[in-house]
Amino acid sequence: MKYIKRNLEAVISQLTNEYPVILLTGPRQVGKTTMLQKLMAESDRRYVTLDDLNERALAKNDPELFLQLHKPPVLIDEVQYAPELFTYIKMHVDRYHDPGEFWLTGSQIFKLMRGVQESLAGRVAVLSMTSLSQAEISGAEIKPFTVDIEKLDQRGEERKPADVKEIFERIYRGSMPSVISGQNTNRQIFYSSYISTYIERDVRELSDAIDSLKFLNFMTAVAARCGQMLNIAEIARDADINQKQAKAWLGILETLGIIFYLHPYSNNLLKRLVKTPKLYFYETGLVCYLTKWSSAETLESGAMNGAILENYVVSEIKKTYLNCGKEPYMYYYRDKDNKEIDIIMEHDGVINPIEIKKTSNPGTELTKVFGVLDKASVQRDKGAVLCMKPNLGAIDKDNYIVPIWMI
């Protein structure tokens with residue numbers, strides 16, 4: 001199986017020299033352990049996984065003995081199964097102060113974070129890993145996506161151009177390492193077993209009274225609404241569960257790193273804004289599997305093509321930040337007059353409005369809505385339309401046309 005170099009490798013190597021503990025979170029099967037084992041291949045770092053029930057029992061019942069048997073430097077996989085370890089890791093760190101002692105991974109993000117924040121505040125660097133980004137797949141260097149003409153020009157030289165057909169192939173295939181590397185050639189079987197093996201198992205860890213079939217129907221109802229404003233009542237109705245259950249199960253999908261939200265942009269000078277977040281999946285291949293598209297071609301011409309394309313673009317932009325160890329400040333805009341902007345990126349005291357469209361020939365009508373931001377207390381900088389045009393261009397001096405393959 002071909003190993004695909006991950007952008008986080010450089011980040012982890014740097015942080016290992018600075019922090020005693022590194023915690024890498026993210027869903028299962030995205031390559032956390034594979035990458036870390038590759039990085040530790042030439043070192044004396046030990047490895048232990050808490051998927052092993054004997055090791056898990058020891059870590060929970062006698063964490064002190066566990067750490068004597070698995071002396072640092074150590075990689076502890078799936079550490080969320082034994083939060084009892086955190087206090088003892090803290091004691092070790094406070095005693096020795098050595099950087100790079102503990103590498104931890106976990107596939108439950110918030111449950112994990114609470115234990116970490118209580119025990120390891122100031123001692124731990126927390127990173128998030130997702131499935132592969134399109135830049136990693138093409139072997140390009142990853143820098144956070146920004147609406148900066150010089151940086152966009154540079155991206156264009158490093159990236160592999162793709163037309164509409166190829167972009168929808170990427171969306172449909174998804175970006176899980178074992179699918180991309182060719183280990184799993186049948187994506188239907190991969191996603192089917194991914195849900196039944198990993199998601200169901202982790203869901204039971206978080207809530208043991210869940211009916212597998214109901215949860216699959218629920219996930220399908222959620223996937224059908226990717227790129228849309230969250231409507232818990234509709235999801236509950238389609239999945240035939242109550243709203244309280246739907247809300248709790250959405251929390252589980254977020255905890256497992258399957259979905260994330262874009263929150264509405266808020267600015268005290270902009271009135272009449274909606275307060276509901278929009279829902280996205282990190283992995284478009286999973287969305288296509290759940291919503292039962294049979295091919296990239298049917299997806300491209302189907303009713304969900306705009307929503308799934310938007311999901312793809314938003315998740316790819318987010319990945320460019322997470323893969324550099326950063327958190328993006330990304331929002332969307334919608335007011336009570338139904339004026340909407342797909343993405344607002346905020347940085348250094350300015351905002352960049354971004355529209356996402358399947359068109360290859362965007363016009364000025366797509367950027368008119370950006371004017372609603374002029375009343376905000378933050379300066380509006382360059383805007384962009386992310387679309388299927390093959391080359392970098394401009395609508396006018398304030399708004400660029402950026403091909404989606406360039407993200």
Side-chain angles (χ1 to χ4, degrees), residues 145-147 171 221-238 243 246-247 250-251 253-254 259-282 284 287 291 303-319 321 327-347 349-359 362-387 395 398-402 404 407:
F145 177 85
T146 56
V147 185
I171 291 170
V222 176
R225 286 171 178 75
C226 72
Q228 295 178 28
M229 287 168 69
L230 178 63
N231 188 324
I232 290 173
E234 280 187 9
I235 291 170
R237 187 195 66 218
D238 285 5
Q243 289 191 38
K247 200 170 179 184
L250 281 163
L253 288 183
E254 190 179 9
I259 63 167
F260 66 95
Y261 298 104
L262 267 200
H263 291 278
Y265 182 69
S266 63
N267 186 296
N268 52 8
L269 296 182
L270 297 173
K271 301 289 184 261
R272 295 162 52 76
L273 300 176
V274 299
K275 295 190 165 54
T276 311
K278 285 176 82 170
L279 182 150
Y280 298 92
F281 278 66
Y282 281 104
T284 55
V287 175
T291 49
M304 278 187 77
N305 68 21
I308 291 189
L309 180 66
E310 181 183 321
N311 191 126
Y312 175 74
V313 170
V314 170
S315 66
E316 283 294 330
I317 291 176
K318 192 172 168 78
K319 285 177 189 180
Y321 283 81
E327 191 64 44
Y329 296 104
M330 284 172 79
Y331 310 91
Y332 82 100
Y333 175 95
R334 188 177 173 124
D335 60 26
K336 298 292 196 298
D337 301 324
N338 287 337
K339 290 197 169 85
E340 186 165 351
I341 299 168
D342 292 331
I343 303 173
I344 291 179
M345 303 206 68
E346 187 173 22
H347 62 97
V350 300
I351 50 177
N352 301 103
I354 298 171
E355 273 295 298
I356 302 161
K357 284 286 177 287
K358 194 184 163 207
T359 180
T364 50
E365 74 284 353
L366 294 177
T367 57
K368 278 200 179 101
V369 68
F370 295 169
V372 297
L373 299 172
D374 290 341
K375 297 190 188 76
S377 55
V378 179
Q379 181 194 337
R380 170 163 70 104
D381 200 10
K382 304 294 186 192
V385 177
L386 285 167
C387 64
I395 288 174
D398 293 319
N399 297 291
Y400 304 132
I401 299 168
V402 182
I404 285 168
I407 297 170

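All heavy atoms count here, side chains included; hydrogens, waters and symmetry mates do not. Just so it is clear, the structure is predicted and the values come from calculations on it, not from any experiment.
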Backbone N/O of [Y] and side chain of [X]: donor-acceptor pair under 3.5 Å:
X      : Y      : result
Asn311 : Cys226 : no
Asn352 : Lys382 : yes
Asp337 : Lys339 : no

Heavy atoms of other groups near [X] [atom1], more than 12 under 6.0 Å:
X      : atom1 : answer
Lys336 : NZ    : yes
Tyr261 : OH    : yes
Lys358 : NZ    : yes

Go through Ile407 and Ile404 one step at a time and tell me if the side chain to side chain contact (heavy atoms under 4.5 Å, CB included) criterion holds. CA-CA 6 Å; Ile407 297 170; Ile404 285 168; 4.2 Å; yes

Do NZ/NE/NH1/NH2 and the carboxylate oxygens of Glu316 and Lys319 come within less than 4.0 Å? yes

Regarding Lys318 and Glu327, does a basic nitrogen lie under 4.0 Å from an acidic carboxylate oxygen? yes

Residues that Glu234 engages under salt bridge (Lys or Arg N to Asp or Glu O under 4.0 Å), provided they are two or more places apart: Arg225

Apply ring pair (Phe, Tyr, Trp, His ring centres under 6.0 Å) to Tyr282 and list each qualifying residue two or more places apart in sequence or on a separate chain. Phe260

Once ring pair (Phe, Tyr, Trp, His ring centres under 6.0 Å) is applied, do any residues pair with Tyr265, and if so which ones, sequence neighbours excluded? Tyr331

